[in-house]
Student: 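This is the structure I want to talk about, given as structure tokens.
Remember, predicted model here, so these are calculated numbers, not experimental data. Numbered from 1 within each chain, the chains take letters A, B, ... in sequence-line order.
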There are 2 protein chains.
Amino acid sequence: MPKQVDHAARREEIAQAALRLCARDGLAGVTIGQVAQEAGVSKGLVQHYFAGKADLLRASAHVMRGEIERRILEAVRDARGPADTLRRALLAVVGLGVTAPIPLLAGHAFLARAVGDPEIRDLYRAGGDAVHREIAALVAASGPAADVDPGAEAHALLGLARGLADGVLLGELAVGDAAAIVDHHLRRILPGAATGSDSPSSSRPSG
Amino acid sequence: MPKQVDHAARREEIAQAALRLCARDGLAGVTIGQVAQEAGVSKGLVQHYFAGKADLLRASAHVMRGEIERRILEAVRDARGPADTLRRALLAVVGLGVTAPIPLLAGHAFLARAVGDPEIRDLYRAGGDAVHREIAALVAASGPAADVDPGAEAHALLGLARGLADGVLLGELAVGDAAAIVDHHLRRILPGAATGSDSPSSSRPSG
DNA sequence: ATCGATACAATACGATCGTACTGCCAACGG
DNA sequence: CCGTTGGCAGTACGATCGTATTGTATCGAT
């Protein structure tokens with residue numbers, strides 16, 4: 001064996017650079033040459049690690065998914081009980097607008113491709129379904145109000161969090177405001193749970 | 001004056017073709033040549049009506065905004081009272097996933113560009129702010145519950161509708177389910193208003 | 001009838017795209 | 001010690017990009 005290099009790490013490193021370009025210029029800006037420049041390597045090296053542009057984009061999509069997943073899992077790690085887990089996960093999603101704008105933006109760029117591209121679509125669907133099941137289970141385990149259907153509420157919470165994340169991303173509202181909105185909604189649907197007022201981030205709504 | 005052609009109409013026609021490409025392939029797929037082919041005109045004609053690619057993209061963004069605005073205004077036209085107006089507007093937004101996937105997808109494609117491009121960002125911000133004010137006013141006029149702040153609730157409703165529209169677009173849930181979720185939320189925050197059960201669209205939740 | 005302005009088509013051109021290919025260097029196995 | 005193998009850079013090439021330019025037909029005004 002020749003010079004040993006962590007193949008997977010190198011691939012991810014380059015895919016991360018591609019992801020940054022996705023976020024900045026959309027999928028249009030992802031060019032082998034640009035990626036090479038962004039990653040600080042030669043154009044030939046990008047070819048060495050990826051079979052082609054499609055392979056590179058696929059890897060970038062997976063990196064994006066992994067990045068977002070990682071943030072949520074981190075946020076949830078030290079949670080105390082299902083209601084707290086649910087709250088932390090949702091706040092992590094709305095926080096993506098400022099903590100991880102690159103994966104979020106890249107996610108939007110890929111979303112347009114998800115329609116028509118079976119692989120990307122499956123990536124979205126599989127992830128979305130898994131998250132939905134998880135959220136629904138957390139809702140059910142958090143002492144929901146009588147008129148709350150966990151499945152529908154999971155869609156509502158997920159939609160709310162995603163929409164708020166976009167709002168935060170566009171600067172329409174502050175993270176704190178978005179977090180307060182999520183907390184307010186959680187208090188409404190989970191009267192039995194103590195969805196704490198000790199917010200980990202700023203939470204002074206302004207307008 | 002020479003051969004009279006509706007200049008604005010021709011421009012919009014071509015911009016619509018560009019918008020379809022945005023939705024299908026993302027901003028990456030918007031090429032002068034491709035746009036010409038999609039619109040069924042010559043490459044030179046696209047140049048004749050647009051100063052360059054930036055001009056074309058700008059026009060497409062405005063067409064997208066106009067399309068979405070049109071759908072919402074149509075949905076709101078025959079509304080009876082503020083609560084009904086609010087409901088119809090929100091249902092129109094979640095319905096975009098099936099009634100207007102092209103502007104919605106194109107909107108996502110442009111969103112990635114909104115960060116960094118002042119003009120597109122202003123388009124988003126201006127539109128978002130106006131809609132937010134409108135929604136907040138409708139909430140305030142619809143007899144909200146005591147714990148409802150119209151401004152925050154407007155963000156919540158808008159975020160919820162946008163997030164659900166994405167879910168519908170990705171096929172994660174049906175329009176009817178999304179509509180039911182919106183209705184459920186509206187009933188919670190507007191106890192004084194009759195947010196009708198006589199839905200204009202299908203509204204049989206399934207899961 | 002002619003002239004100017006406009007709609008529209010077609011071509012030209014430099015830059016850049018994705019991909020293929022070639023070559024050099026370093027590290028292990030024999 | 002040498003050959004093979006993989007990391008890596010550089011170049012070549014056809015296709016396509018955006019734009020500039022040119023040419024032609026058609027209408028309205030003079």
Student: Can you check the A:L45 CG to D:dG7 C1' distance for me, whole Å?
Tutor: 7 Å
Student: Kindly give the atom pairs (protein nitrogen or oxygen, nucleotide nitrogen or oxygen) under 3.5 Å for nucleotides 14-17 of chain D.
Tutor:
none

Student: Compare side-chain N and O positions of B:Y49 against OP1 and OP2 of C:dC8 and report whether any pair is under 4.0 Å apart.
Tutor: yes
Student: On DNA chain C, nearest-nucleotide positions of B:V41 versus A:G44: which is more 5'?
Tutor: B:V41
Student: Can you list everything that forms a salt bridge (Lys or Arg N to Asp or Glu O under 4.0 Å) with A:R10? Sequence neighbours excluded, please.
Tutor: A:E13
Student: Name every donor-acceptor pair, under 3.5 Å, that has one atom in a side chain of residues 46-59 of chain B and the other anywhere in the protein, sequence neighbours excluded.
Tutor:
{"from": "B:K53", "atom 1": "NZ", "to": "B:V30", "atom 2": "O", "distance (Å)": "3.1"}
{"from": "B:D55", "atom 1": "OD2", "to": "B:A51", "atom 2": "N", "distance (Å)": "3.0"}

Student: Got a sec? Which of residues 6-23 of chain B come in under 4.0 Å of DNA chain D, heavy atoms?
Tutor: none
Student: Please list all pairs passing the salt bridge (Lys or Arg N to Asp or Glu O under 4.0 Å) test where one or both residues lie in residues 97-111 of chain A, with sequence neighbours left out.
Tutor: none
Student: Run the side-chain donor-acceptor check on residues 119-128 of chain A: report pairs under 3.5 Å with partners two or more places apart or on a different chain.
Tutor:
{"from": "A:Y124", "atom 1": "OH", "to": "A:G107", "atom 2": "O", "distance (Å)": "2.3"}
{"from": "A:Y124", "atom 1": "OH", "to": "A:L111", "atom 2": "N", "distance (Å)": "3.2"}
{"from": "A:R125", "atom 1": "NH1", "to": "B:L170", "atom 2": "O", "distance (Å)": "3.3"}

Student: Under 4.0 Å: is that the gap between some side-chain N or O of A:H48 and OP1 or OP2 of D:dC8?
Tutor: no
Student: Listing request: all ring pair (Phe, Tyr, Trp, His ring centres under 6.0 Å) pairs with a residue in residues 85-123 of chain A, at least two apart in sequence or in separate chains.
Tutor: A:H108-B:H108
Student: Which whole-number value in Å describes the distance from B:Q47 CD to C:dA10 C1'?
Tutor: 11 Å
Student: So which pairs with a foot in residues 103-118 of chain B pass salt bridge (Lys or Arg N to Asp or Glu O under 4.0 Å), sequence neighbours left out?
Tutor: none
Student: Indicate yes or no: does A:R88 engage A:D84 in a salt bridge with an N to O separation below 4.0 Å.
Tutor: yes
Student: Under the side-chain contact (heavy atoms from CB on, under 4.5 Å) test, which residues partner A:R20, sequence neighbours left out?
Tutor: A:Q16, A:A17, A:E38, A:I102
